[in-house]
Undergrad: 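I'd like to ask you about the structure that follows.
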Amino acid sequence: MPIYSQKVMDHFTNPRNVGEIENADGIGEEGNPVCGDMMTFYIKVKENRLDDIKFKTFGCGAAIAVSSIVSEMAMGKTLEEAMKITPRTVADELEGLPKNKFHCSNLGAQALHKAIDDYKKKQKKAEGGKQ
Amino acid sequence: MPIYSQKVMDHFTNPRNVGEIENADGIGEEGNPVCGDMMTFYIKVKENRLDDIKFKTFGCGAAIAVSSIVSEMAMGKTLEEAMKITPRTVADELEGLPKNKFHCSNLGAQALHKAIDDYKKKQKKAEGGKQ
Amino acid sequence: MKKVYFDNAATTPLDPQVREAMLPYLGELFGNPSSLHDWGDMARQSVDDAREQVAGLIGAQAEEIIFTGSGTESNNFALKGLALAQQAKGKHIIISEIEHFSVLHSARTLEKWGFDVTLIPVDRYGVVDPQDVHKSIRKDTILVSIMHANGEVGTLEPIKEISRITLEHNIIFHTDAVATVGNIPVNVKELGVDALSLAGNQFYGPKGVGALWVRKGVRIIPLLDGGIQEGGRRAGTENVPAIVGLGKAAELAAGDIPAKMTKFAHLRDRLLRELPARIDRSVVTGHPQGRLPGNASFCIEFIEGESMLMMLNMKGVAVSSGSACTSKALKASHVLIAMGISHEVAQGSLLFTFGKDNTDEDIDYVLEVLPPIVDRLRQMSPLYSKFVKASKGGS
Amino acid sequence: MKKVYFDNAATTPLDPQVREAMLPYLGELFGNPSSLHDWGDMARQSVDDAREQVAGLIGAQAEEIIFTGSGTESNNFALKGLALAQQAKGKHIIISEIEHFSVLHSARTLEKWGFDVTLIPVDRYGVVDPQDVHKSIRKDTILVSIMHANGEVGTLEPIKEISRITLEHNIIFHTDAVATVGNIPVNVKELGVDALSLAGNQFYGPKGVGALWVRKGVRIIPLLDGGIQEGGRRAGTENVPAIVGLGKAAELAAGDIPAKMTKFAHLRDRLLRELPARIDRSVVTGHPQGRLPGNASFCIEFIEGESMLMMLNMKGVAVSSGSACTSKALKASHVLIAMGISHEVAQGSLLFTFGKDNTDEDIDYVLEVLPPIVDRLRQMSPLYSKFVKASKGGS
Ligand SMILES: Cc1ncc(COP(=O)(O)O)c(C=O)c1O
Ligand SMILES: Cc1ncc(COP(=O)(O)O)c(C=O)c1O
């Protein structure tokens, strides 16, 4: 039995939204290569919605599939909705992840949240600058 | 592989000289049933030679084969020659015995020696009686 | 010549369907379950499937099954692994006098490691009294191991009664069910135990594989350290073909047990009745009723087991014995001795264990060939002549 | 699709001749070698024959061979059994940092039992310096265990040089030769060791069987207590079919080794040369020359092993990796780390191990399919984009 679900295999084989966004509104990085998995998310925000998402991932099959599905799940959502994506909902959406892979490769939601936080911080700064 | 040589199997299957001798000139018993092997040898002596030998044996295949071959090896021999039969020569004559069987089932020579000793003791007594 | 195999407690043959199930894994499906590619995937899948099958046979959950290399390994793992896991709580262990050597000698090793072992006696039928277990329990008792049934005399032990006691005292209870699993119904929940050993070659599965069931939540220290196969509890590349075979055997056994039990009990009861009727000074060993359907064991006085085995073998009949001469260690069966049988009588031990292929004709055959063998050996036996002389003298 | 199996270190397939030799023992010849009848006799004979065959392969005497259930069991048995047998003399043990987990974790267990373990480091090629062993020896050193070759990076260790030292100091020396026996010539006398582990599934023999060779006169405490199989040193019903298979595999290996070595070395050297030529920022791991003929191992920077494995698998290619993600324990290979490779680079570990069926076309094929996979994963990798940006910045 493959260790991964069909959905994981699909997203691993054809990951959606791979890449970087130049002049991204927010960037979030999670994990580190020592542990084996690292993800960087780039977002574009329009009217409080995720207008574009791209990612780059170093890591195992699960890490790549997680990144891909997170980008898909979040695309078009409001920032508040996107913040509700959790490792649990990601794993469910992927039809399960191997137990031992759950924690270390399932960093996609965190990386996305960091990108959103980064966007908000920049916004604040920009607003602060305007005032 | 059978644990026993062909020679052992032959003597186990067709043991020579099984039985008892009424009014034996000497009787020797060796071993005990707790250990698993016990042999009784009966001898008839004529002119210092073993004129007849019979045995009874309780025990494993090796014990029976040992008894049989000892009776065969000793038959017709002088008492001195018979005393030279040892567990080693018995095992050799049987084309080998399994290592773990060597000591406990190879009591035939001792039983025979005891029977000869018994004969000699009786002789001495008889002679003593005559004097 | 007619060939009759009555030594199924030593090992059963492999069921042809089990063999069939194994063959692909001796061919194309040779992968290592730890490997991350198609070969590995297929191997992993089949090990998982086998785990479900084995769990199904004993009413357990798949993840509670740990595959091992033999019943002996399962018992060593259970005794040492469960004791070491709990040594902070205490160092006292209780087993019975009639356990298989793989339990007895593991306990002896634990003694060397500073554990304290109590041996529970048995009655003349080989039955452990649960009250003896109860009385032996101390504050520092951490483990009880009593076998489900004894392979040599067939006696079944009161596991449920004992588990009530261990449960009450919160003590881990392991049972060696190598002789029962696949042969009679075994359900870990009904038995109330915490760990249970089984082996493939006792019910038409392959050699080289066993399993230890350990109730979820019970800690055990690995016996084999290394990789993290079997959830980190038993390292080493899995013996995939044998595991697949064990799974298949478990699946088949689940269906076969009722018919096997009826058939074996019939053969057993015939032999238990008719052998002593034909051979005087022969006794049944083990419990008259509470015994494995496939086990008929006897002691035949004045003669020794190995020579009976050899002569029966010449007639095509395979049996076994608990005599000293057959034991290689040259000691009479500790089981028979524990039951109060004298060393002398124990030498005449003879054990028939039945298999699927055995028939009434096989029983007829052995009842025909055995008495002349007994006669012949008795004619050679100094013990028998003494007995005859003594009885004549007495009459 | 083309199928290429480059994971022979995980397990080899079973040689069809080995399978053929085993089949009767999965059928009519099902006896237990301990049984005293024809079925038992035949089983005992075949186990004895296999013992001769295995002894023959390594220049040992038959009675020095103890059959086990795996390489892992052999290593556990050696470490624990040899240490416990000599604990009266001392409690210090020396092993290397790159031992297989079955040695490393056995040593860790021995630490829990009060032994003291020294880990010898290796150089960047994975080689143990015999002088380091020498310097680590203490008055209470009782056991040295250094592997013959490492399965992950292929590096051969200077066993003869080390055995000169242990011999001089009268210390027992065990070597884990699981990766070498059957693949390169191994002779216990030439190596000068006292104990040696081997496993069937590393050279076209079956899973579920290994062996430990222990020089005559060297004491060892059993790991599996119970019956007196294997001369009382390893209890449990023998896995007869697998033992027969191991014997056959040993016999075949004796003849096959020279041709296999030449062929594997050719494939290995092509890959060691051509893979780095096609993929920049890839490095060979292990010793450039002093390595197993069948082993070509690499680290490919900026990407991770498991995703390479998965993509190669989609192309029909089976390999393995020492990356954290592939390890289940989620730690990068301790072997690569011991060689001084950074955790980051170790993630890109890729291991090719050759088998009899591999051809030059297989090498061509993997050299064709791997570079696009590496490219694709690097395009996804944030580490790679950082690297590219940094080099652009730098140029
Ligand atoms: C009750 C019991 N436990 C354990 C074992 C050990 O099994 P094995 O020799 O297959 O390891 C046996 C073997 O017959 C047995 O009868
Ligand atoms: C050097 C070495 N030792 C021991 C082992 C353990 O073998 P197994 O997992 O078959 O028990 C391996 C396995 O690949 C190995 O490479």
Side-chain angles (χ1 to χ4, degrees), chain B residues 1-6 8-22 24 27-42 54-68 70-71 97-108 111 114-115, chain C residues 1 281 299-316 318-334 336-337 341-350 369 372-390 392:
Chain B
M1 188 176 58
I3 58 168
Y4 292 130
S5 69
Q6 280 202 323
V8 171
M9 289 308 292
D10 172 32
H11 278 267
F12 169 72
T13 318
N14 301 297
R16 301 19 162 190
N17 306 310
V18 174
E20 297 179 23
I21 300 177
E22 278 193 48
I27 300 179
E29 196 172 284
E30 188 59 280
N32 75 63
V34 173
C35 313
D37 295 294
M38 186 178 143
M39 303 172 184
T40 313
F41 269 76
Y42 302 84
K54 297 254 183 243
F55 73 87
K56 287 226 162 170
T57 290
F58 165 89
C60 64
I64 291 171
V66 160
S67 310
S68 169
V70 164
S71 73
L97 279 175
K99 228 189 292 179
N100 67 337
K101 296 276 181 183
F102 194 91
H103 289 290
C104 57
S105 34
N106 198 346
L107 303 169
K114 278 198 177 173
Chain C
M1 188 176 57
R281 307 291 297 196
C299 283
I300 306 205
E301 284 188 61
F302 313 120
I303 54 178
E304 188 278 331
E306 193 204 85
S307 29
M308 281 191 274
L309 256 53
M310 287 171 68
M311 291 199 171
L312 280 169
N313 186 47
M314 290 175 200
K315 295 286 180 189
V319 299
S320 68
S321 166
S323 82
C325 301
T326 56
S327 77
K328 283 192 188 169
L330 301 177
K331 282 196 183 156
S333 157
H334 66 287
L336 299 176
I337 302 304
I341 295 171
S342 74
H343 278 85
E344 196 170 314
V345 172
Q347 299 302 349
S349 149
L350 214 51
V369 299
I373 289 173
V374 170
D375 268 356
R376 194 156 169 226
L377 288 169
R378 283 184 173 168
Q379 290 313 319
M380 284 192 222
S381 165
L383 301 178
Y384 188 66
S385 35
K386 279 181 195 167
F387 163 72
V388 171
K389 280 170 201 160
K392 274 188 196 148

Undergrad: Which region of B:S67, side chain (C-beta onward) or backbone (N, CA, C, O), has a non-hydrogen atom less than 4.5 Å from a non-hydrogen atom of chain C, or is it both or neither?
TA: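 Contact with chain C: none, neither part.
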Undergrad: Please look at B:N32 and chain C and tell me whether the side chain, the backbone, both or neither of the residue comes under 4.5 angstrom of a heavy atom of that chain.
TA: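 B:N32 has no heavy atom closer than 4.5 Å to chain C.
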Undergrad: Of the listed residues (B:T40, B:T13, B:D37), which shares the most heavy-atom pairs with chain C below a 4.5 Å separation?
TA: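 Highest number of pairs under 4.5 Å: B:T13.
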Undergrad: Roughly how far, to the nearest 0.5 Å, is the NZ atom of B:K56 from the CZ atom of C:R378?
TA: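 Rounded to the nearest 0.5 Å, the CZ-NZ separation comes to 12.5 Å.
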Undergrad: Side chains of C:M380 and B:S68, heavy atoms from C-beta outward: is any pair under 4.5 Å?
TA: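 Of all side-chain heavy-atom pairs linking B:S68 with C:M380, none is under 4.5 Å.
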Undergrad: Who wins among C:R376, C:M310, C:M308 for the most heavy-atom pairs under 4.5 Å with chain B?
TA: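 With the most close heavy-atom pairs to chain B, the winner is C:M310.
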Undergrad: Pick whichever of B:C60, B:A62, B:A63 has the most heavy-atom pairs under 4.5 Å with chain C.
TA: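 Most heavy-atom pairs under 4.5 Å with chain C: B:C60.
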Undergrad: Let me know if C:F302 has heavy atoms under 4.5 Å from chain B in its side chain, its backbone, both or neither.
TA: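 Backbone only.
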Undergrad: Which heavy-atom pair separates B:G59 from C:S307 by the least distance, and what is that distance?
TA: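 Looking at all heavy atoms of both residues, the closest pair is O-OG, 2.8 Å.
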Undergrad: Report the C-alpha separation of B:I3 and C:E306 in whole Å, then their side-chain angles, then the decisive distance to 0.1 Å, and conclude whether the side chain to side chain contact (heavy atoms under 4.5 Å, CB included) test is met.
TA: CA-CA 12 Å; B:I3 58 168; C:E306 193 204 85; 4.2 Å; yes
Undergrad: Given side chain to side chain contact (heavy atoms under 4.5 Å, CB included), test B:F12 with C:M314 step by step and report yes or no.
TA: CA-CA 11 Å; B:F12 169 72; C:M314 290 175 200; 3.6 Å; yes
Undergrad: Contact between B:E29 and C:P382 at the side-chain level, heavy atoms closer than 4.5 Å - yes or no?
TA: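 A side-chain contact is absent here, since even the closest heavy-atom pair is not under 4.5 Å.
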Undergrad: Atom OG1 in B:T57, atom CD1 in C:I303: separation rounded to 0.5 Å?
TA: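 Going from the OG1 atom of B:T57 to the CD1 atom of C:I303 covers 13.5 Å.
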